[in-house]
Every structure is written in C-alpha cells, then in structure tokens.
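The basis for the numbers below is simple: all heavy atoms, side chains too, and nothing from hydrogens, waters or symmetry mates. Chain identifiers are assigned alphabetically (A, B, ...) following the order of the sequence lines, protein sequences preceding nucleic acid strands; residue numbering begins at 1 within each chain.
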Protein chains: 2
Amino acid sequence: MEGAADGEAEGKGAPTLNRRIRADIEAKILSGEWGPGHRIPYEHELMAQYGCARMTVNKVVSELAAAGLIERRRRAGSFVAAPRIQSAILQIPDIEAEVTARGEAYRYELLRQERRPAARSVPAEWALAPRGRVLEIECRHMAGSRPFALEHRLINLSAVPEAEAVDFARQAPSSWLVGHVPWTAAEHKIAAVNALPEMAKRLDIPDGSACLELVRRTWRGDENITLVRQTFRGDLFDLVARFTPAQTPNGG
Amino acid sequence: MEGAADGEAEGKGAPTLNRRIRADIEAKILSGEWGPGHRIPYEHELMAQYGCARMTVNKVVSELAAAGLIERRRRAGSFVAAPRIQSAILQIPDIEAEVTARGEAYRYELLRQERRPAARSVPAEWALAPRGRVLEIECRHMAGSRPFALEHRLINLSAVPEAEAVDFARQAPSSWLVGHVPWTAAEHKIAAVNALPEMAKRLDIPDGSACLELVRRTWRGDENITLVRQTFRGDLFDLVARFTPAQTPNGG
DNA sequence: TAGTGGTCTAGACCACAGA
DNA sequence: CTGTGGTCTAGACCACTAG
C-alpha cells in the first residue's frame, strides 16, 4: 500500500532521494505520459539516472509494485499496471467517534442479551459457531436523543469465551471486541433496505424509510468470531470512501 | 500495500529471511501475545536475534508499519498498533462486469444528454466547472430486461474537452472515461435513499423502495473531472468489502 | 544528549524467465 | 544462456525525540 516504508506523509515531507524518485515515476504514470503496459527504466538505468545505489531505486520500484501502480517481471522489466478504479479504501467509522465528531452526545443502550447454543435452524448462526454456543446482543446507538443505529450481533462463545463474563450493558460489544480480540480477516456487505415496522419504531423513523445496512463478519484464522448487522438511519448517515489509483489508505 | 516489497504472495512463497521474520512478528501480534501498545524488539535486537544485517529487519518492520500493524517512533521504538476496523478495501465494481458476472445480459441506454455552461445556481455543478461548460448525461444500466441502475453524470468539459466529440449513445461514459482520462483522486459517498416516483418508474420498482446511492467525484490534480450519481436497486445490489488488519488489497 | 529509526551505499549471490 | 529482479550484507551519517 501506500506511503509505504518511507514514512507515512503522502507526497510531502523531507525531499529524500527516495521520495524524489518515487514522485518522478508517479508523475509520469499519473499524467498519462507512461500509459498502462509501458516499461519503466531498468533498475540499473535509474541508478545511473539518479546516481545512487541500486537498493535505493529497488525500494522505490518495489513500493510502487506493492501499491499496484506497476508490475515487475524477472528478466523482462517493470511495467505500468492497468488502473484499478474498482478498488477503494472505505472508512468504516467507529459509531461512537462518528457521533461525537458531529458534536452530538453518544449514548449506548443494551436492548437484549442472550446466551444459548447455536441454533442449527439458523444458517448464519450455525455457520458462526457449529455445535457451539453464541451470545446474541441487540443494542442501540444514540446521537443525543435521536436513535442513530441499531445493532444485532452474534458472538461465537467457543472462539471468545471471555465474552461470557463481560457486562455489555456498560460497554458496547464493538469497543470490547476491538480491544480484546485480535482478528485476521473481515468482510462487509453494504445494502439499502426499507425499515420494517419494528425497526422503524426503534429508529424513530417512518415505516419503509431507507436505511443503510452494514453486515460484518470477522474471523481469527479459520474461526468465525462475530457476525454483526448494523442498521443506520439513511437520513443521518452516509459512508465515505476516498482513494487514489495508488490505493493510499492513509493519504490525503 | 502490504504483501509489500518482497513479492506479492501473501504469507507463502520461498522461505526467505525477510518472510520468516515478518511471519514471526505477525504471528505474535495476531495471536494476541503482543497486544496493542506492546513494544516490539528494537532493530538491533532483531539483528542479533536473527543474525542478519539491519537493513533486513528494517525492511520487515517498515513494511509492517506501512501495513498499519505497528507504529514506529524515533528514540522510543516500534509498537503494536491498535487494530483499525474502520478501514476496508471496497470493491467498486464495473457495472457491466457486475451484471455479466451474474449471468445476465448487460445493456446500456442513454436517456438524456446536454452540453451547456455550468449553472451557478447549482452548487455541485459550479464546483465541478466554475465558469466552464459541462456535459450532463443521464443513462440506465440494464441486467437482461430489468433495470439495474440509473446514472446521472456531469463531465467538466473544460477539463476533458475530448468528451465533447464522443458518442455516448454507443459507449457508457464510465468506460470511455476510464480508458481516456487519467485521474489522481476520487471520493465516494454511499447512502441509502427512498426511490422518488420518477426514479422508481425508471428502475421498475415501487415508490419508496430502498436504493443504494453511490456518488463519486473524480479529480485530476486540482481539476474536478466528473461527478456521478449511480442509483442501484436495493433488491438487486450490495457492495462487498473484504479486508484484513494488514489491509491487503490483493490478498485472500 | 543519547539512542532510536530513516535513509543510503557499494558491493554480492541467487532464482528465474525471456530471448 | 543472459540479464532482470529478489534478497542480503556490513557498514555509514543524519534527524528527531524521549528522557
């Protein structure tokens, strides 16, 4: 990804040789002067051009390859990669941070909590914890006096037995999980749904109002840790994703 | 980022020293043995531990920092970073590819097209092309005989004068733009909206049905190239994002 | 101010794929 | 085969900052 090994600030910072070379190559590619498939100079050519050691140019070109801007092939050289518009960095905000950033008071309400064996009749639940036990939590996130989002969560107690003892009336499950359970992979599904009557009532919106639904599954290795569905009021919440062709997650 | 400079295959590949060190550190972090805030060994300690040069361990730790797994602070050391659930790689699919991948026939319909000076009364339009001209396009993406998405697009003709001569009845604006106009930054906003009567009619859904709305702005340098709003039938389309704490776009 | 990371050098050997 | 990239070494100087 991105800013890569040379720091974090995007294009700015001290004008190190590394950054200069990188900026030069990026400029050629982003300006279109070097289109997709164009072969960039060999490492030894860049060495000569910039009068530096091979490791220096190697690092730059390797970073660009890691960023997806170019592809490297032994014996053939390095080539400008085809642009990948379809990939973006999505910011999935922490709900508490999102609410407080809007200057509203965040409050969390536990609506329901239940520990039980996973139900074989519910495919999602059985997939989460086959032959195991689950902790089911329903809660609500408030922005001031208005409901902001509903959350329905299943935690695999076989994978996270410590969750059994946590008081989720005091602490939101997401914040507890983030701080206590490392994870290795996750998947989001983002959809638009019409609020059903029960949901509409809890979100204090008219029946059928459009809501943004975020379903997230999180794994640690092969083990599924949790499955959560967060339903946001469509009138209060948008997801925003900023990105560049170089896929810089931290960048501007 | 991520797989970083040492190739691309995720955790696999030749057991180079680089990969061994990286795998060791990642294992400690992902297993929870080194929790958030834990200081990892100094570079000179890792040098001694693995009996290698400093550049070798420096590269590994720098890659892990670029991946967001750790944070580095001069004079203090390198520390395990707090997990960043909020960041994900979002796959923004090409609509044609998305439709054909479902085994349906893709068809594109141009509904309206108009070249005109940017209207100062429309903030979004004026922001796109102040004192310039815009090309406004409305079109529809079909999956078989069913509408799949509506698209409303503004192209800044001052930034992309070539667009003036293109026949957008034959080619979708997105596919033309991707192939002809390099860009440097973009921004997505994802929202859930209730279909208005006109929109519902064109999408062949009941009034008020939930739709997923994707608004994308694209820049080349400081110049705003295009502003597009794509409205997907909520019942036919979800966005999916897969990711890991290390933010590997290419990885599994 | 001492010690960390940030960067760079001038070499080297190797694997591998293209010609 | 030949030449590319992949990796690694054993140093070096510097910037920054935590103590």
Legend entry - Helical stems, DNA chain D - three or more consecutive Watson-Crick or G-U wobble pairs below 3.5 Å: C:1-18 with D:1-18

Once rounded to the nearest 0.5 Å, what's the spacing between atom [atom1] of [X] and atom [atom2] of [Y]?
{"X": "A/L239", "Y": "A/F232", "atom1": "CG", "atom2": "CZ", "answer": "7.0 Å"}
{"X": "A/W34", "Y": "A/L69", "atom1": "CH2", "atom2": "CG", "answer": "12.0 Å"}
{"X": "B/H38", "Y": "B/F79", "atom1": "NE2", "atom2": "CZ", "answer": "10.0 Å"}

Inset, instruction - For B/R74, check side chain to side chain contact (heavy atoms under 4.5 Å, CB included) against everything at least two apart and list the hits. - result: none

Legend entry - Interface residues of residues 41-51 of chain A with DNA chain D (non-hydrogen, below 4.0 angstrom): A/Y42, A/E43, A/H44

Could you list the protein-to-nucleotides 15-18 of chain C atom pairs, N/O on both sides, closer than 3.5 Å?
residue : atom : partner : partner atom : Å
C/dA15  : N3   : A/R74   : NE           : 3.4
C/dG18  : N2   : A/R75   : NH1          : 3.4

Ignoring backbone atoms, test whether [X] places a side-chain nitrogen or oxygen under 4.0 Å from the OP1 or OP2 oxygen of [N].
{"X": "A/S78", "N": "D/dG5", "value": "yes"}
{"X": "B/R72", "N": "C/dG6", "value": "yes"}
{"X": "A/T56", "N": "C/dT9", "value": "yes"}

Inset, instruction - Report yes if the side chains of B/I190 and B/V215 come closer than 4.5 Å at any heavy-atom pair, otherwise no. - result: no

Inset, instruction - Would you check if A/M55 and B/M55 make a side-chain contact, meaning some heavy-atom pair closer than 4.5 Å? - result: yes

Inset, instruction - Map B/M55 and A/G77 onto DNA chain D by nearest heavy atom, then report which one ends up closer to the 5' terminus. - result: A/G77

Enumerate, atom names and distances included, each donor-acceptor pair closer than 3.5 Å involving a side-chain atom of residues 153-163 of chain B, sequence neighbours excluded.
residue : atom : partner : partner atom : Å
B/R153  : NE   : B/E151  : OE2          : 2.9
B/R153  : NH1  : B/T226  : OG1          : 3.3
B/R153  : NH2  : B/E151  : OE2          : 3.1
B/N156  : OD1  : B/S158  : N            : 2.9
B/N156  : OD1  : B/A159  : N            : 3.4
B/N156  : ND2  : B/L128  : O            : 3.0
B/N156  : ND2  : B/N224  : O            : 3.0

Length of the [atom1]-[atom2] vector between [X] and [N], whole Å:
{"X": "B/K59", "N": "C/dG6", "atom1": "NZ", "atom2": "P", "result": "15 Å"}
{"X": "B/R39", "N": "C/dT4", "atom1": "CZ", "atom2": "P", "result": "9 Å"}
{"X": "B/R54", "N": "D/dT9", "atom1": "CZ", "atom2": "P", "result": "14 Å"}
{"X": "B/E63", "N": "D/dC8", "atom1": "CD", "atom2": "P", "result": "10 Å"}
{"X": "B/N58", "N": "D/dT9", "atom1": "CG", "atom2": "P", "result": "13 Å"}
{"X": "B/L64", "N": "C/dG5", "atom1": "CG", "atom2": "P", "result": "13 Å"}
{"X": "A/L17", "N": "C/dT9", "atom1": "CG", "atom2": "P", "result": "6 Å"}
{"X": "B/I21", "N": "D/dG6", "atom1": "CD1", "atom2": "P", "result": "18 Å"}

Legend entry - Among B/I21, B/L46, B/N18, the one residue meeting side chain to side chain contact (heavy atoms under 4.5 Å, CB included) with B/C52: B/I21

Legend entry - Pair A/R107 + A/E109: basic N to acidic O under 4.0 Å: yes

Inset, instruction - Using a strict cut-off of less than 4.0 Å between a Lys/Arg side-chain nitrogen and an Asp/Glu carboxylate oxygen, indicate whether B/E187 and B/R216 qualify as a salt bridge. - result: no

Inset, instruction - Might you work through the side-chain hydrogen bond (donor to acceptor under 3.5 Å, both in side chains) test for B/Y108 and B/H141, ending with a clear yes or no? - result: CA-CA 5 Å; B/Y108 159 77; B/H141 302 270; over 6 Å; no

Inset, instruction - Only pairs at least two apart or in different chains count here, so list each salt bridge (charged side-chain N to carboxylate O under 4.0 Å, His left out) that has a residue in residues 41-52 of chain B. - result: B/R39-B/E45, B/E43-B/R54, B/E43-B/R72

Legend entry - Of the listed nucleotides C/dG6, D/dG5, D/dT9, the one nearest the side chain of B/C52: D/dT9

